[in-house]
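This one's a predicted model, so the numbers in the text were calculated from it and none came from an experiment. Numbered from 1 within each chain, the chains take letters A, B, ... in sequence-line order.
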Amino acid sequence: MERTAYINDRLYPFEEGDTILGFVKRHIGKEVIPTLCDAPNLDPFGSCRVCSVDVALVKNGPAKVQASCHTPVIAGSYISTDSERITRLRRNIIELVLTDHPLDCLTCEVNNNCELQTVAAKVGIRDVRYPAGKNHLDKKKDLAHPYMTSDLSKCINCFRCVRACDEVQGEFVLSMAGRGFDSHIVKSYNDSFFDSDCVSCGACAQACPTSAISDVFESKSIIADKKVRTICTYCGVGCNLDVAVVNGKVKSIQAPYDAEVNEGHTCLKGRFAFSFYNHPDRLRTPLIRKNGELVPASWEEAYDFIVRQLTQIKNDFGPDYIAGISSARCTNEENYLMQKFIRAVIGTNNIDSCARVCHSPTALGLQRTFGTGAATNSIIDLEYTDCIMVIGANPTDAHPVTGAKLKQFAIKGTSIVIDPRKTELAKYATYHLQLRPGTNVAVLNMLLYYIIREGLEDNQFIASRTEGYKEFKDHILAMDMDEMEKISGVDKHLARQAAIAYASAANAMSFHGLGVTEHSQGTYTVMLIADLAMITGNIGKPGVGVNPLRGQNNVQGAADMGCQPYQGAGYLDITNAENHHLYEDFYHAKLPLHVGYKIPQMYDAALNGKLKALWLMGEDNVQTDPNTQHVISALRKLDLLIVQELFMTETAKLAHVVLPAASFLEKSGTFTNGERRIQRVQKVVEPIEGTKVDGQIIVDIMNRMGYAQPDYDPATMLEEISKIVPFFAGVKWDELGENGKQWPVLPDGTDTETLHIGSFKRGKGKFQSADFIETKEIVNHGKEFPYILTTNRELEHYNCGTMTRRTGNALIVTDDVLMINPADAAGHLIREGDMVCVISARGKIDVKAHITDEVKAGILSSTFHFPDIKMNDLTSDISDSEAMCPEYKVVAVNIRKSKGKYKNELNKVGE
Amino acid sequence: MGSKLLLDKVHIENIRSYDVYRREGGYRSVEKAIRSMNPVAVMEEVKKSGLRGRGGAGFPTGMKWSFLAKPEGVPRYLVCNADESEPGTFKDRYLMEFIPHLLIEGLIVSSYAIGSNRTYIYIRGEFKWIIDILEQAITEAKNNGWLGKNILGSGFDCEIYVHSGAGAYICGEETALLESLEGKRGNPRIKPPFPAVRGLWDCPTVVNNVETIAAVVPIINDGGDNYAKIGTGKSTGTKLISSCGNIKKPGVYEIEMSISVEEFIYSDEYCGGIANGRRLKACIPGGSSVPILPANLLLKTAKGDSRMMTYESLADGGFQSGSMMGSGGFIVLDEDQCVVRHTYTLARFYRHESCGQCSPCREGTGWMEKILLNIENGKGKMSDIDLLWDIQRKIEGNTICPLGDAAAWPVAAAIRHFRDEFEWHITNPDDAQRRNYGLANYAEPLKVVAV
């Protein structure tokens with residue numbers, strides 16, 4: 001039968017699976033059928049019945065009332081959206097609902113933004129025929145949480161919050177208790193958000209049609225002067241945000257439903273943690289160190305000082321005595337400018353970025369195997385995959401929106417989690433391989449071994465798309481699984497089952513995080529993950545691939561823009577003569593041909609007097625880089641340390657010049673998320689007085705140092721970038737649209753969801769085996785320091801917490817804690833909340849104990865969100881053998897109950 | 001005396017035990033089905049019998065089975081709905097309590113026909129002692145090779161599990177039952193998808209009433225054609241009726257669907273007439289949710305025909321002048337009963353049992369109860385009757401599950417047929433507190449009210 005049906009007697013085509021509501025919305029308009037329990041990002045529910053319509057099978061025939069939100073369209077049927085009886089039905093339903101709803105609209109938070117109010121107005125309620133009766137109007141408000149609020153007297157029992165909590169976030173905190181008229185929302189087992197397991201994602205508040213659940217910013221109801229769509233500054237998911245501005249101030253943030261990346265969802269960082277932007281602690285004037293003190297200065301004084309100092313160092317020692325560290329928090333355009341400045345104006349390749357300390361092994365490993373150092377697929381591919389493997393990543397904390405999607409998948413489908421901790425995802429996983437930190441290579445070799453042993457390779461893919469398989473296979477098969485089991489602590493039978501699950505899935509997709517890269521064998525681990533994908537043919541189609549969960553909002557972009565000492569913008573090898581000419585011509589400058597320093601090498605060079613000046617854009621190396629004392633000594637040796645920052649960070653305290661920069665809300669540009677999606681960051685408010693946009697600061701200095709660079713403007717910068725970065729060829733500011741484009745973007749503007757279809761960037765995919773090598777940290781210190789400390793992140797805080805600690809998040813998670821297994825705690829007589837002294841070969845710290853079976857005995861885990869704890873006093877300067885990414889994830893330590901307040905070097909620095 | 005197919009042996013001493021049940025010919029249908037019939041043949045036999053669902057809706061069982069999706073490699077489930085909670089209905093309880101093996105036998109045959117290797121009995125939590133009886137019967141059946149692996153060497157495996165409800169009437173609705181069986185809050189699901197496609201654990205599922213399953217046993221034993229010979233029209237076979245109220249002999253009766261309502265009420269074989277020499281005022285013939293009928297419309301249809309105890313005849317005249325067979329809960333009211341109070345009692349029940357998911361039912365049931373109580377207490381207004389009518393119209397057909405209809409119909413029928421009694425309550429509030437409206441003209445010759 002033909003797929004057409006009548007809406008109010010006019011014929012329209014419908015699509016397979018259309019509900020009546022969807023059908024009518026598409027053809028007639030969104031507002032035609034009123035709804036209450038329906039929401040754009042939730043499954044149809046059919047409980048409010050306000051969306052009812054009349055459906056007849058013949059013209060003017062007997063009609064049946066159907067809830068349009070979940071009833072499929074019947075071919076040839078006659079749908080009336082507002083017949084008289086339907087109108088009356090809607091009116092009577094709303095009338096019934098209003099008998100248990102306060103009529104205090106004028107003082108209600110959502111007045112004029114209330115879906116109930118809108119529907120009531122639409123159906124034309126003029127009075128309520130029911131006498132005052134039993135109701136729930138005396139319910140108390142819940143205002144205990146820093147963000148989430150509720151006033152359940154306004155609840156209309158539409159279940160939208162419950163469904164958002166289940167279907168969008170997968171947290172299962174909200175539920176409906178009681179029956180019938182006594183139905184009421186509960187938060188875990190409590191009345192209060194604060195006492196519940198709520199992760200403050202705000203999905204329920206956004207979903208709630210009234211003000212029954214809301215947030216302290218009144219996000220859904222605020223009457224804004226303007227709303228600006230921009231990209232979140234926190235993690236590499238790249239959530240789109242709608243930022244509401246009133247009187248030039250940011251008041252609230254919502255997640256747009258039409259955003260491809262986050263589809264109306266975001267986490268508490270994106271949604272609520274924005275108040276850092278105008279925090280009193282923001283730097284508002286440049287500072288120059290005079291007589292040991294940082295004193296306020298004008299921008300001109302600061303610029304003059306910098307130009308004078310840089311010129312002098314360059315003249316006295318040469319350009320290689322100067323280095324820059326760019327920032328994955330800044331825009332592509334700013335990163336591009338930073339590397340251009342260092343290369344073309346200073347004349348050195350001493351440029352690196354914080355990608356070094358997170359995903360540099362991913363870029364390098366994937367380049368070696370595939371030729372392109374980026375995620376091969378997109379997050380949307382979760383809809384097409386049959387098995388997910390998550391290695392060394394804790395996405396529900398660190399990439400919450402992608403984490404929620406992975407969790408939804410893990411609840412229903414086959415999932416493998418390889419992680420030393422029992423992360424939230426691990427709890428849902430089909431197979432959790434809980435390995436000893438630092439043994440990824442051993443575990444991946446086990447998986448490869450069993451795939452080959454079971455004959456589950458994709459021979460056709462191997463033969464046509466790859467090289468080096470024969471040697472690889474022989475090498476893997478020669479390995480001793482009992483030994484791998486012993487090394488990693490992972491049961492070989494479990495590894496075998498996981499290997500079979502991954503290899504036999506029609507489509508299997510892997511995700512990895514810093515638990516892969518921040519190891520001495522980080523690059524090799526990435527290559528083995530890529531090998532797993534190749535050996536099973538899981539590359540080059542939807543629903544498969546190797547997908548690094550990039551940590552920072554623009555860590556992909558910083559690397560793309562050439563902020564590394566060996567590759568320029570677009571990953572071209574700067575030692576290659578042809579590329580060299582290309583760059584020289586493009587920048588109209590003389591460029592060096594030799595590779596510059598990576599970040600760890602910069603510290604060594606500084607300590608050896610080989611580096612005199614360092615320019616840091618938006619990075620707090622003292623708190624975040626490993627082996628803090630080593631970093632501090634290196635920075636102190638410099639003649640010139642320039643720090644561009646929002647706040648007086650631990651690093652800024654050591655600077656000679658501090659430049660107050662603008663936050664993401666105060667500038668425009670582009671961020672590239674973990675799935676290579678270039679998205680537009682739009683200026684929401686003007687930079688607070690005294691601050692400047694990072695890109696403009698660099699442009700100002702470039703001009704003052706004699707290089708003509710036009711003022712910072714994302715459109716013109718992107719135009720320049722598109723001419724030198726091959727995969728940006730078709731990127732134009734005006735054409736990026738609301739949802740951005742995934743690179744490579746061809747000159748005609750088409751973008752790319754999936755990489756390596758048909759062939760790899762490097763031609764054939766290259767198999768390369770790697771043997772497990774114990775990290776030097778354990779070899780050298782394992783005996784003396786028998787525990788392994790691994791570092792992790794908490795949902796509520798971002799990296800060193802510079803931003804999140806200056807928001808309400810700090811009221812939810814108040815300090816770093818040390819996760820310790822109950823057996824270990826008992827062995828040291830440590831109780832929950834006791835201070836524990838953790839000692840490594842580098843230093844010792846005191847931190848509060850949290851006893852949990854999330855870590856195995858012998859393993860400890862903690863965060864470095866709070867500067868007071870100084871977690872990185874413990875970490876080592878051992879790094880990945882290939883990409884020099886520091887090994888944050890394996891630190892040999894010992895523990896004991898704290899004896900007294902331990903004071904260290906850093907306290908004095910700040911004073 | 002009519003033939004009995006389900007309860008014919010119920011009075012045999014110790015029929016509850018396996019040995020007696022088997023001695024009396026029990027489990028023959030399992031032998032016959034598994035040894036000499038394939039699943040399709042069993043289903044065909046049930047189709048031929050014309051058996052209709054005995055839970056209330058009366059949907060043809062064979063057809064329901066044939067709708068079951070059968071995707072490769074996906075388990076199918078049979079779930080027996082033993083959550084009998086409808087006020088006035090207690091036939092399943094009786095059957096399970098006194099002849100439990102009949103249910104188990106029927107479940108094995110039905111599971112074989114459907115291909116269910118794991119079959120569940122979802123039983124009302126209040127039937128605690130019956131759970132024990134069923135568990136005992138299942139154990140006996142298993143010990144004797146009727147359940148478990150490779151039954152009768154056929155390669156067919158079947159286990160039966162008893163799952164207790166927790167006191168919610170709504171869990172008798174099949175999709176709420178499935179939610180509850182999965183361990184969730186018992187909220188009905190939206191349809192489609194229907195359980196036949198996505199039921200228990202998202203797998204194809206058939207949900208059948210206890211009596212329906214039990215009827216499969218005589219159908220297989222004697223053949224579907226023979227079963228269909230009993231009864232009239234599309235009401236084939238026998239039906240269990242649980243009768244209660246102002247009658248001389250309340251209890252569970254198995255009737256052939258060919259006797260008249262009058263015979264059922266007044267014959268000594270069945271209810272034995274109205275108790276205490278009173279006169280018949282009204283009756284709810286099919287469980288508390290079906291429309292109540294005044295005596296005149298109960299005994300004769302609007303056309304003047306004798307009303308029969310069949311699906312068709314009880315529904316004759318639609319809701320205007322008829323009612324429904326429903327679940328077979330036959331509630332008789334004599335002239336001393338107050339229809340307003342009675343309706344209020346039912347409204348209170350449905351308000352208490354509404355799950356709260358759909359707004360018309362959640363809010364509407366509460367208001368119906370409240371308004372009815374006002375009228376009952378002499379505080380009603382004339383406009384309340386229209387308001388009640390309006391509310392029930394907004395609930396009926398406008399909810400995810402049929403509980404909304406079940407709550408609306410009793411109120412609608414009471415107003416439709418007994419409006420004068422409601423009006424009398426409102427206009428004579430003081431009188432109404434002291435005495436009943438009485439029989440009035442409800443037994444008078446037919447007067448069909450047009451509403």
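- In the displayed structure, A/R129 atom CZ is contacted under 6.0 Å by more than 12 heavy atoms of other residues, nucleotides or ligands.
- Few gaps surround NZ on B/K70; more than 12 heavy atoms of other groups in view lie less than 6.0 Å from it.
- When heavy atoms are compared at a cutoff of 4.5 Å, A/F159 approaches chain B solely by way of its side chain, counted from C-beta outward.
- Summarising the local packing, NZ of B/K234 is surrounded by 12 or fewer heavy atoms from other residues, nucleotides or ligands at distances under 6.0 Å.
- In this structure, no portion of A/I94 lies under 4.5 Å from any heavy atom of chain B.
- Under the 3.5 Å distance criterion, the side-chain polar atoms of B/S359 are matched with a main-chain donor or acceptor of A/C48.
- Between B/K394 and A/R88, the closest side-chain pair of non-hydrogen atoms falls below 4.5 Å.
- When every heavy atom of A/S52 is checked against every heavy atom of B/N398, the shortest pair comes out as OG-OD1, 4.5 Å.
- Side chain of A/R179 to main chain of B/H352: a donor-acceptor pair is present (N/O by atom type, distance under 3.5 Å, no hydrogens or angles).
- Atom-to-atom distance recorded for B/I400:CD1 and A/F45:CZ is 6.0 Å, nearest 0.5 angstrom.
- Looking at B/T399, the atoms closer than 4.5 Å to chain A (heavy atoms on both sides) all sit in the backbone: N, CA, C or O.
- Residue contact with chain A, scored on non-hydrogen atoms closer than 4.5 Å, involves the side chain of B/K370 exclusively.
- The line from CG of B/D390 to CD of A/E95 is 7.5 Å long, rounded to the nearest 0.5 Å.
- Put simply, the side chain of B/R185 gets close to the backbone of A/M176: a donor and an acceptor are under 3.5 Å apart.
- In this structure, no portion of B/D384 lies under 4.5 Å from any heavy atom of chain A.
- Contact between B/C355 and A/S183 at its shortest, heavy atoms only, is O-OG, 3.4 Å.
- For A/R85, no part lies near chain B; criterion is any non-hydrogen pair under 4.5 Å.
- Put simply, of A/I156, A/T99, A/T71, the one with the most heavy-atom pairs under 4.5 Å next to chain B is A/T99.
- Rounded to the nearest 0.5 Å, atoms CD (B/Q357) and SG (A/C37) are 8.5 Å apart.
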(Q) With side chain to side chain contact (heavy atoms under 4.5 Å, CB included) as the criterion, how do B/R393 and A/N92 come out once you've worked through the C-alpha distance, each side chain's angles and the decisive distance to 0.1 Å? (A) CA-CA 10 Å; B/R393 288 279 295 179; A/N92 285 11; over 6 Å; no
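- Heavy atoms from other residues, nucleotides or ligands lying under 6.0 Å from CG of A/D191 number 12 at most.
- Of the listed residues (A/D100, A/L96, A/N157, A/D182), just one forms a side-chain contact (heavy atoms from CB on, under 4.5 Å) with B/R362, and that residue is A/N157.
- Note: B/L387 leads B/L387, B/T365, B/I170 in heavy-atom pairs under 4.5 Å with chain A.
- Note that CG of B/N187 is 9.0 Å distant from OG of A/S47, once rounded to the nearest 0.5 Å.
- Here the shortest heavy-atom pairing between A/R49 and B/G397 reads NH2-O, 4.4 Å.
- Here the closest non-hydrogen pair linking B/K191 and A/H70 is O-CE1, 3.6 Å.
- Atom NZ of A/K427 is surrounded by more than 12 heavy atoms from other residues, nucleotides or ligands within 6.0 Å.
- Remark: A/I93 CD1 to B/I395 CD1 distance equals 10.0 Å, nearest 0.5 Å.
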